[in-house]
Amino acid sequence: QVQTDLAQTVQPGWLRRWETSSRHLTLGHLVGMGMFGHVIRAKLKTSTGEIITIAAKAVRRKDTQCYRNFYKEAAILVAVHEDEQHDNLRSNIIQLLGLVNEASQKYILMEYASNGNLLSLLRQTRRQNGAAASLPHHLRYAIHVARALQELQHLAITHCDVAARNVLITADDVAKLADFGLARDVYATVQHVTDDAHRREQRARRDNPAAEDEVYILPLNWMSPESLETGEYTCQSDVWSFGVLLWEIAAQGREPHYDGNNNLSCFQLSRTLRTGIRLRRPPECSGDIYDVMSSCWQERPPERPDPDALEERLQQVQLTMI
Ligand code: ADE
């Protein structure tokens, strides 16, 4: 079924081409927890006999939904990596290293990003510096994510969860888009997001002791009005979320919410957005950065900038900051 969903994206035999044995894997400790999977630091013995540190993503529970998501994420990452224009050294998408697909052990193996996720990094610098001195540096990460969106647009894949928590920073200070658990190709059937589904996720989070020290933020506030209303995701709705990611950068990892209200339901939020209300300009944020994020929040999707235009505009803004 996964293969029919992704028929437009992925070549047959994709699992076999990336499969590796769990014998080459030594698991370490937990480094991240997501909706459907958790990520463990691990050592991998490569085909050349080298031992490298990697991240292994496993299903969170052994149920159909988690497995389905696991294969979907794996297939999307394979599609990205098998594209002829893909270049691991230049890509801003987390690098896939292999797949373990055994009856009792299933892992997506990927590069280990030793500087953690962008949201933690933003919050850490806020605690340390107070001021927005590191904004030009953090804007570099936004440019990296814009490049990741260019790559996805080329493949007609939507990420559906572009947010600072899903951007990882590598040892050489490059931002990489990760967590393709909700991604899909634009031809796949749409799935409607209901308030109910979000409440279930929130409860699942609360009941999971391993997620205790992680603040779970509802993705609603990253979503475009059309995604909230119809579950429709396009490259333009990823651009809307990118605007919220820019807001997170400018606000140094604060939580995005509308008019001080973080508890708007899906329905209330879409009504708020349709009225023209948007996230406010954070105090540290310059007018030209706010203009870029505001352009991502155009109500009509075709009026939002495409990822190429975003990179260009952010580069111009960066020049004025030096
Ligand atoms: N947390 C989630 N994915 C990760 C990765 N690839 N590297 C480091 N930390 C992570």
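Along the sequence shown, residues carry numbers from 1. Counting convention: from 1, in listed order, for ligands and their atoms alike.
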Which residues pass the salt bridge (charged side-chain N to carboxylate O under 4.0 Å, His left out) test with D172, sequence neighbours left out?
none
Pairing residues for E303 by the salt bridge (charged side-chain N to carboxylate O under 4.0 Å, His left out) criterion, not counting sequence neighbours:
R300
Under the rule for side chain to side chain contact (heavy atoms under 4.5 Å, CB included), what residues qualify as partners of D83, not counting sequence neighbours?
Q85, H86, H154, L155
Just say parallel, tilted or perpendicular for the rings of W297 and W240, cut-offs at 30° and 60°.
tilted
Is the backbone N or O of D179 less than 3.5 Å from a side-chain atom of D161, with the two atoms forming a donor-acceptor pair by type?
no
Tell me whether R281 at atom CZ has more than 12 heavy atoms from other residues, nucleotides or ligands lying less than 6.0 Å away.
yes
Considering only N or O atoms, set out every pair between ligand 1 and the protein closer than 3.5 Å, with distances to one decimal place.
residue, atom, partner, partner atom, Å
ligand 1, 6 (N), E111, O, 3.0
ligand 1, 7 (N), A113, N, 2.9

